[in-house]
> 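Before I ask anything, here is the structure I am working with.
Throughout, residue positions are numbered sequentially from 1 according to the sequence presented. What you are looking at is a predicted structure, and each value in this text was computed from that prediction instead of being measured.
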Amino acid sequence: MHNPAITQVNIDETLANRWSGRAYDAAKSVSAEQITALLEAARWAPSCFGDQPWRFVVWDKNADAQSWQQAFDCLAPSNQSWVKDSSVLFLVCADSLFNHNQQPNRWAQYDTGAAAENLCLQASSMGLMAHQMGGFNVDLTRDKFSIPAQFTPMAMVCVGFAADIATVTGEALARETAARSRRPLNELFFANSWGQSINK
């Protein structure tokens, strides 16, 4: 499965090839070494004061299928329909307080997003597919896995191997092969002042 971004100018292949597919190969498992590499990539994300406010909970279906199932049960049904074939689930949380002084950290969620994106880019570089999800029951997840009140569950991420496109049919095939798109540069990026297009 390969669905690179069509960009206005060339960008790094790892960035262009990262995409949030939904068709996973249930027969292939992510190894413990690969999981460690994903976490190392997240660990080396930048953060305000080097505070590293992110915390990830990891569920490996191979290592502990029961715990993976408990995490899976926290997902919205619309996500469960395709996450079932993935190998690993991550819960991404942001610390609301700075570690060094216990004061509110308004940059924590921004920094945690950078760590999550590092994980996704590392997955892409390793031939894996990662998909970040907001569709999960935060309260249930917090309760089941004893997430402290100080930490905000931001997203769940599933990781696995993309399915062979030849094995994908119907609506799933249409979804996986649909053209990728983004809003144009001039709607998102401004030169010198708000609303002034970067593209003249």
> Are more than 12 heavy atoms, taken from residues, nucleotides or ligands other than Q66, located less than 6.0 Å from that residue's CD atom?
no

> Yes or no on side chain to side chain contact (heavy atoms under 4.5 Å, CB included) for F56 and V157, after CA distance, side-chain angles and deciding distance?
CA-CA 10 Å; F56 289 33; V157 185; over 6 Å; no

> What distance do C120 atom SG and W19 atom CH2 have between them, rounded to the nearest 0.5 Å?
13.5 Å

> For residues 125-145, which residue pairs qualify under side-chain hydrogen bond (donor to acceptor under 3.5 Å, both in side chains), counting only residues two or more places apart or in two chains?
none

> Quick one, S96 and P104 - any side-chain contact, counting heavy atoms below 4.5 Å?
no

> Over all heavy atoms of both residues, which pair between A163 and V168 is shortest? Give the atoms and the distance, please.
CB-CG2, 4.1 Å

> Check whether any side-chain heavy atom of E33 sits under 4.5 Å from a side-chain heavy atom of T36, and report yes or no.
no

> Any side-chain heavy atom of L89 within less than 4.5 Å of one from V83?
yes

> Check this for me: F190, atom CZ, are more than 12 non-hydrogen atoms of other residues, nucleotides or ligands nearer than 6.0 Å?
yes

> I'd like to check L91 versus V58 (side-chain heavy atoms, cut-off strictly below 4.5 Å). Are they in contact?
no

> Just wondering, are more than 12 heavy atoms of other shown residues or ligands nearer than 6.0 Å to CZ in R180?
yes

> Salt bridge (Lys or Arg N to Asp or Glu O under 4.0 Å) with E13: which residues, sequence neighbours excluded?
none

> Would you compute the distance between atom CH2 of W44 and atom CD of Q122 and round it to the nearest 0.5 angstrom?
13.5 Å

> For A162, does its backbone N or O pair with a side-chain atom of D25 as donor and acceptor, under 3.5 Å?
no

> May I ask you to check whether Y24 and F161 place their ring centers less than 6.0 Å from one another?
no

> Going by the salt bridge (charged side-chain N to carboxylate O under 4.0 Å, His left out) test, which pairs reach into residues 81-103, not counting sequence neighbours?
none

> Working to the nearest 0.5 angstrom, can you tell me the gap between Q150 CD and L97 CG?
4.0 Å

> C158 and S86: which non-hydrogen atoms are nearest, and at how many Å?
CB-OG, 3.6 Å

> Which residue pairs pass the side-chain hydrogen bond (donor to acceptor under 3.5 Å, both in side chains) test when at least one of the two sits in residues 51-64, sequence neighbours left out?
S29-N62, D64-S67

> Taking the side chain as every heavy atom from C-beta outward, state whether F136 and F72 have any atom pair closer than 4.5 Å.
no

> For a side chain to side chain contact (heavy atoms under 4.5 Å, CB included) check, start with the C-alpha distance between I165 and T177, then their side-chain angles and the critical distance, and finish with the verdict.
CA-CA 9 Å; I165 194 63; T177 56; 3.7 Å; yes

> Closest heavy-atom contact between D111 and P53?
CB-CG, 3.8 Å

> Sub-3.5 Å donor-acceptor pair from the side chain of Q196 to the main-chain atoms of S193, do we have one?
no

> With no hydrogens and no angle check, is any side-chain donor or acceptor of T152 less than 3.5 Å from a backbone partner on M154?
no

> Where is the tightest heavy-atom contact between T14 and D12, given as atom of each residue plus distance?
N-OD1, 2.9 Å

> Can you tell if the side chain of V88 reaches within under 4.5 Å of the side chain of V30, non-hydrogen atoms only?
yes

> Considering all heavy atoms of both residues, which atom of T112 and which atom of C93 are nearest to each other, and what is their separation?
CG2-O, 3.6 Å

> Partners of R18 by salt bridge (Lys or Arg N to Asp or Glu O under 4.0 Å), sequence neighbours excluded?
E117

> Are the side chains of V159 and L119 in touch, meaning some heavy atoms are under 4.5 Å apart?
yes

> Any side-chain heavy atom of L185 within less than 4.5 Å of one from Q8?
yes

> Write out all pairs satisfying ring pair (Phe, Tyr, Trp, His ring centres under 6.0 Å) with one or both partners inside residues 110-130, taking only residues at least two apart or from two chains.
none

> For residues M129 and G21, report the shortest heavy-atom separation together with the two atoms involved.
SD-CA, 3.4 Å

